[in-house]
Each structure stands twice: as structure tokens, then as C-alpha cells.
2 protein chains.
Amino acid sequence: MVAGPRRRGAALVKALHSAVLEELDEVGLGRLTMDGIARRAGTARTTLYRRWANPGELLLSAIGEAYPVEEPSPVAGELRADLIRSLELLVEWARHPTARAVQAILAERRAHPELAARLDELFDASGRRFTATVLDHHARLGTIAPGSVTPLVENLGEAMVVKHWIDVGREPDREYLVQIVDQLILPVLGDRSAVAGPCAGP
Amino acid sequence: MVAGPRRRGAALVKALHSAVLEELDEVGLGRLTMDGIARRAGTARTTLYRRWANPGELLLSAIGEAYPVEEPSPVAGELRADLIRSLELLVEWARHPTARAVQAILAERRAHPELAARLDELFDASGRRFTATVLDHHARLGTIAPGSVTPLVENLGEAMVVKHWIDVGREPDREYLVQIVDQLILPVLGDRSAVAGPCAGP
DNA sequence: ACTTATCGCTACAGTTGTGTATCTTACTCC
DNA sequence: GGAGTAAGATACACAACTGTAGCGATAAGT
């Protein structure tokens with residue numbers, strides 16, 4: 001903490017929101033403490049207790065502040081480019097500390113059921129839709145067959161990105177996103193041009 | 001702890017392995033303590049310290065004991081049935097506490113980098129291959145075009161199952177696994193029979 | 001049965017975090 | 001520039017966990 005003018009109100013809250021997200025990254029969900037967060041934010045524990053009862057509440061408040069995310073609509077025109085763009089937006093979103101916080105809570109659902117339940121509420125309102133937005137749009141336009149856009153297909157891109165994150169621990173590079181679109185999403189939609197092998201078997 | 005004959009050696013270690021996995025489920029990775037594990041196992045803390053230096057070591061030891069998993073080869077004959085079976089095996093594996101432990105460590109990579117690194121070592125030797133085994137087998141047989149089995153395709157099934165687990169918090173039912181195969185994997189491999197919509201767009 | 005390794009128990013000082021109370025300091029607004 | 005409000009500092013009793021030490025008690029091997 002740099003010694004500046006004394007913070008209060010919204011500015012202070014914002015600083016504490018940052019602090020709890022940083023703390024989460026460093027110590028993990030289970031070791032979040034009012035003490036640690038206060039220390040990191042350079043303030044007194046009493047200040048935290050005036051607003052939140054425990055680290056979980058503080059964390060939820062930090063997550064809630066970042067929502068609803070303004071999702072720039074990735075619908076420009078061409079299907080393939082739109083899909084790639086939507087995955088890039090997903091990665092961008094996931095890069096944000098808030099996204100990691102969500103991930104951390106969901107991963108330890110069993111250990112923190114109340115926290116997970118509260119989180120689900122936060123999310124039901126503003127769903128995360130990335131490739132789904134693009135697919136729905138193009139299905140309505142007729143670019144792709146409406147019947148081929150199932151819930152599973154809508155989840156495909158997100159699933160591959162999440163899996164990569166879990167396995168490797170880093171975000172996927174652009175090349176990987178392109179491969180997801182070319183090797184998986186487009187073929188599933190019926191576009192066989194981008195993958196090896198003809199439509200019917202050899 | 002039921003008061004039975006005093007455990008020692010391998011039996012004791014096994015009990016402690018169970019205890020640490022149960023404890024992980026209940027309190028999460030960050031709140032694992034020697035104290036809590038010892039209490040749950042009905043033994044003294046000193047007994048734990050005689051073998052492991054901290055809860056992380058104990059947990060790794062518990063995970064290591066469960067490996068290498070004997071993966072029953074899900075290759076019976078027909079591609080579709082084999083794929084479904086391989087996903088069922090994946091779900092079965094993921095149901096085991098050990099799998100949840102792995103998941104917990106990977107989810108908090110940033111907070112526990114040493115633990116994650118040690119885990120990666122454990123895994124590099126015996127990789128988890130479920131649908132991949134089936135795909136490789138059938139590619140060698142010529143049932144499917146070898147060129148269509150890319151690393152992404154091999155990961156597709158696992159990714160969808162993992163994503164479901166994260167989003168819903170429960171394991172997917174059989175119906176969902178069938179949909180993964182019929183709506184995603186088979187279409188990507190070039191089999192258009194199981195999904196709505198013609199091969200070329202309308 | 002006798003020995004030996006090891007397990008369970010108790011105790012201890014030290015550390016960290018909790019939640020509250022109290023008091024001083026410094027912004028903000030009129 | 002004075003009043004009111006909110007932040008920061010300090011102190012406290014309490015609780016949980018740590019890591020080590022010492023001492024029976026008990027299972028296993030000969």
C-alpha cells in the first residue's frame with residue numbers, strides 16, 4: 001500500500017475488491033482471510049468487518065461488481081471469423097481475475113456449497129454466452145442449419161477452452177482457437193471443407 | 001473411528017489416504033490440515049508427522065497410491081458403442097475421490113504451484129486416455145479416416161464431460177454421453193448419419 | 001514369552017486468524 | 001471553518017493449527 005490520501009466509500013470498496021481477487025490468486029479460496037485481504041489492501045480489518053461478515057461475502061461482492069459483463073457482440077458477418085472472435089472474447093473474459101474467482105468457487109463446490117449456490121444465482125441472470133450468440137445469430141440468418149445448433153454444440157467451444165486451461169494451466173493461443181473452430185465446430189455444423197476426409201467415408 | 005485393533009503399517013497408511021481424500025471433499029484443498037486429517041482418521045497427529053511433512057505430501061501420496069489406474073480397454077468392436085463405453089469409464093473414474101483431488105489441485109494451480117508441478121509428474125507417466133484409446137484403435141483398423149483423429153478430437157469427449165461437471169456440479173447421465181458421441185464426436189469424424197441436417201448446407 | 005518397532009496419548013510454546021470494542025485521525029459537505 | 005461521518009490504529013480474549021518431545025501401550029517377529 002502506498003501512503004496516499006485516505007480512501008473511503010466507493011474507491012475504498014473497489015480497492016478491497018481488487019485485494020480479495022489478488023489474494024484469491026495467491027492463497028486460494030480456502031485460505032482467504034479477512035486479515036490477509038486487509039493487509040494486502042493496506043487497511044484495517046475493522047474496515048472490512050463494517051461491510052462484510054467474512055471473506056466469502058467479500059469475494060461474492062467483488063464478483064458481483066464485475067457483472068453483468070458487457071459482452072461485445074461478436075457478430076460481424078462471416079461465420080468462421082465470428083466463431084474465432086467469440087472464442088477470443090471468451091479467453092479475454094477468462095483472463096480477468098473475476099473469472100478465476102468463479103472457477104475457484106465452482107471447483108470446490110462440495111467444500112463451499114453456500115458460496116457456490118450464491119454464485120449460481122448471480123449467473124442465472126446474466127448467462128455467459130460466447131459461441132452460442134454467434135451460432136444462434138447465423139442459425140436465424142440461415143447460414144447454418146438451425147437443427148444442427150444443439151445445446152451441446154453451443155457448449156463445444158467453451159468446453160475445449162476450459163479443458164485446455166485446466167490441463168495446461170495457461171490460456172490457449174490463437175492457433176488453438178482456430179483449430180477448435182476448423183476441426184470441431186464447423187465440421188459439426190456440416191461444413192466439411194476445413195477438415196481432412198470427405199463427407200462420406202473413403 | 002471405531003475402536004478396533006490398533007492399525008499399523010500399510011493398513012494405517014491406507015486409512016490415512018482415505019481420510020485425506022474425505023477431508024479434501026469437505027473442507028477443500030486450502031483448509032487441509034494435519035490436525036483435521038488425524039482427527040478424521042482417529043489417530044494422533046504425531047503418527048502423520050512420522051511419514052509426511054504436511055497435508056500436501058499426504059495428499060500426493062494418496063493420489064499416487066491410486067495410480068496407475070488399470071484402464072479396462074473399452075475396445076469391443078463397434079465405434080459408437082466403444083466411444084460411449086469409454087465416456088462411461090471416464091465418468092466412473094471421475095467419480096472416485098482421487099479424481100476430485102486431482103481436479104482440486106489443478107483448479108488452484110496458481111495458489112499451490114509446487115503441488116501442481118508434482119502432480120504433473122505423476123501424470124506424465126500414466127496418461128489418462130479414454131476416448132483417445134478408442135479413436136486410435138479404430139483409426140488403425142480403418143474404421144475411421146486416420147487424418148480425422150487430431151489431438152483436439154481426442155480431447156473432445158473429455159472436455160464435454162469436464163465442462164458438464166463444472167457447470168452442473170454433478171456427473172452427466174448416460175443420455176448426455178450418448179449425445180456427445182452422436183452429436184459431436186461421430187459428426188466430426190465424418191459420420192453425418194446421427195445428426196440433423198444434410199451434409200452440405202441448404 | 002521376549003524383544004522391538006511403532007502407534008496413541010498428552011503436553012507445550014509459538015503462530016495466525018477471529019470478532020469486537022475503543023479511540024484517534026482525516027476526509028467531506030454545508 | 002466547523003460538524004458529522006467514516007477510516008485507521010490498537011488492544012483483547014478466544015480458537016485452531018503447528019511441529020516437537022516424552023512416555024506408555026500394543027502389535028509383530030523370532
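Just so you know, these numbers come straight off a predicted model, no measurement behind them. The sequence lines fix the lettering, A, B, ..., with proteins before strands; numbering per chain opens at 1.
- Of all heavy-atom pairs between Ile37(A) and Pro55(A), the closest is CD1-CB, 4.2 Å.
- Distance Arg40(B) CZ to dC17(D) P: 12 Å, rounded to the nearest Å.
- Nearest-nucleotide assignment on DNA chain C puts the 5′-proximal partner with Asp35(A), out of Asp35(A) and Arg8(A).
- Taking side-chain N and O atoms only, Arg51(B) has a distance below 4.0 Å to OP1 or OP2 of dC7(C).
- Here the closest heavy-atom approach between residue Glu158(A) and residue Lys163(B) is recorded as CB-CE, 3.8 Å.
- In plain terms, the two heavy atoms of Thr150(B) and Gly147(B) that are nearest each other are CG2-O, 3.9 Å.
- In this structure, CG of Leu12(A) is placed 18 Å from P of dT5(D), rounded to the nearest angstrom.
- At a cut-off of 3.5 angstrom, the base of dG17(C) holds no donor-acceptor pair with the side chain of Arg45(A).
- A straight line from CG of Asn54(A) to P of dT18(C) spans 10 Å, rounded to a whole angstrom.
- Mapped onto DNA chain C by nearest heavy atom, Arg31(A) and Arg50(A) fall at different nucleotides, with Arg31(A) at the one closer to the 5' end.
- At the phosphate of dA7(D), neither OP1 nor OP2 sits under 4.0 Å from any side-chain N or O atom of Thr43(A).
- On a pure distance criterion of 3.5 Å, a polar donor-acceptor pair joins the side chain of Arg6(B) and the base of dC7(C).
- Contact annotation: Arg39(B) side-chain N/O to dC17(D) OP1/OP2 distance is under 4.0 Å.
- With 3.5 Å as the limit, one finds no donor-acceptor pair spanning the side chains of Thr131(A) and Glu154(A).
- The nearest whole Å value for the distance from the CE atom in Met34(A) to the P atom in dA7(D) is 14 Å.
- Within a 6.0 Å sphere centred on CZ of Arg31(A), heavy atoms belonging to other residues, nucleotides or ligands number 12 at most.
- Rounded to a whole Å, the CH2 atom of Trp52(A) is 15 Å from the P atom of dT18(C).
- We find that CD1 of Ile37(A) is positioned 17 Å from P of dT16(C), with the value rounded to whole Å.
- Between the C1' atom of dT6(C) and the OH atom of Tyr49(B) lies a distance of 19 Å, rounded to the nearest Å.
- One can find a donor-acceptor pair under 3.5 Å joining the base of dC9(C) and the side-chain atoms of Thr46(B).
- The distance between atom CD of Glu23(B) and atom P of dA16(D), rounded to the nearest whole Å, is 14 Å.
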